[in-house]
Chemist: 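Have a look at this one before I ask anything.
In listed order, ligands and their atoms are each counted from 1.
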Amino acid sequence: MNQGLTSTAEAINKLIQELNKLPGIGPKSAQRLTYYLLRAPEEQARLLADAILSVKQEITLCPTCFNVTDSAPCLICRSEERDQSKICIVEQPQDILALEHTRVYKGLYHVLHGAISPTEGIGANDIRIKELLERLKSSSMDEVILATNTNLEGEQTALYLNHLISPLGIKVTRLARGLPFGTELEYADDVTLTRAIEGRQEF
Ligand SMILES: [Zn+2]
């Protein structure tokens, strides 16, 4: 229990502590959310709790693209309207959300679940690169779009992937123009992302 909160009911402290563990939620926000939920109708709290549990219980990774999904394969991999000749490589599932929001890209995706980072001890074998290569070899893709973040790890990963994919005879492009260095795709705005997809250049 936090020092100074001993006068507060244990259940309240517990919720504050749990919310405080979430990214972007500091102690003050955690307190505000807790007291908001205390005042909210029980139904609202139940819906929130159920939504959190459902995400954990029903969501798995698509066995093809490794996006988060409640069906296997996922909706994008299953769709007949998607361009099967293009594949966009992203670091995280939430990057797909950002790219889909622009509505300009109609191809497939592959989620690496990270980026190569020697400083953090993350190597090529720790992210879904092997699965990507297997997928590329067993399909007929025209273009691989490297949409990793434009920070150091993202650039290193893109370079490494280009080195592996180019020999397969597939065009490799990099989504970069318009995206300032250090950009995490997830936080890029629609206009910038759209420009980056449309202005992608051959590696
Ligand atoms: Zn999929």
Side-chain angles (χ1 to χ4, degrees), residues 23 50-117 122-151 153-176 179 183-190 192-194 196-198 200 203:
D50 285 351
I52 293 172
L53 281 179
S54 300
V55 155
K56 295 307 293 178
Q57 289 162 354
E58 295 166 22
I59 302 296
T60 55
L61 293 182
C62 171
T64 307
C65 71
F66 299 98
N67 188 13
V68 286
T69 177
D70 58 0
S71 65
C74 73
L75 282 174
I76 294 176
C77 286
R78 253 191 306 163
S79 168
E80 288 177 3
E81 278 149 37
R82 309 290 304 201
D83 181 350
Q84 310 281 326
S85 70
K86 291 183 172 51
I87 184 165
C88 182
I89 316 302
V90 296
E91 292 183 22
Q92 302 294 347
Q94 54 267 42
D95 298 335
I96 294 185
L97 218 64
L99 288 163
E100 284 297 288
H101 202 252
T102 67
R103 297 169 176 274
V104 288
Y105 179 69
K106 295 283 175 231
L108 303 174
Y109 291 98
H110 187 91
V111 186
L112 295 171
H113 288 276
I116 295 171
S117 172
I122 302 169
N125 291 330
D126 299 315
I127 57 177
R128 306 276 185 178
I129 290 181
K130 186 165 64 76
E131 292 88 344
L132 170 65
L133 292 177
E134 281 166 13
R135 201 175 160 196
L136 290 176
K137 284 172 187 165
S138 63
S139 61
S140 51
M141 298 284 175
D142 292 341
E143 182 182 0
V144 173
I145 302 160
L146 300 175
T148 50
N149 292 333
T150 63
N151 53 21
E153 291 78 21
E155 293 295 349
Q156 278 172 343
T157 307
L159 269 172
Y160 182 74
L161 287 175
N162 181 48
H163 172 73
L164 292 177
I165 298 166
S166 289
L168 303 177
I170 306 170
K171 181 165 93 170
V172 182
T173 56
R174 175 80 170 116
L175 187 132
L179 285 177
T183 299
E184 291 190 32
L185 231 60
E186 187 189 344
Y187 302 114
D189 65 273
D190 275 3
T192 308
L193 257 188
T194 300
I197 301 167
E198 289 175 343
R200 62 185 184 270
F203 218 106

Chemist: Using distance alone, with no hydrogens and no angle criterion, decide if Ser166 and Asn162 have a side-chain donor and acceptor under 3.5 Å apart.
Modeler: yes
Chemist: Who are the ring pair (Phe, Tyr, Trp, His ring centres under 6.0 Å) partners of Tyr160, not counting sequence neighbours?
Modeler: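 Tyr160: no ring pair (Phe, Tyr, Trp, His ring centres under 6.0 Å) contacts found.
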Chemist: Residues two or more places apart in sequence or in another chain: which of them pass side chain to side chain contact (heavy atoms under 4.5 Å, CB included) with Glu100?
Modeler: Ile76, Arg82, Ile96, Tyr109
Chemist: If the condition is side chain to side chain contact (heavy atoms under 4.5 Å, CB included), which residues does Ala158 pass it with, not counting sequence neighbours?
Modeler: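 With sequence neighbours excluded, Ala158 shows a side chain to side chain contact (heavy atoms under 4.5 Å, CB included) to Leu146, Thr148, Arg174, Phe203, given in chain and number order.
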Chemist: Hey, could you give me the NE2/SG distance between His110 and Cys77, rounded to the nearest 0.5 Å?
Modeler: 10.0 Å
Chemist: Could you pull out the closest heavy-atom pair between Ser117 and Glu153, with the gap in Å?
Modeler: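 That closest heavy-atom pairing would be CB-CG, 3.5 Å.
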Chemist: Within less than 2.8 Å of the Zn ion (ligand 1), how many protein N/O/S atoms are there?
Modeler: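 Counting protein N, O and S atoms closer than 2.8 Å to the Zn ion (ligand 1) gives 4.
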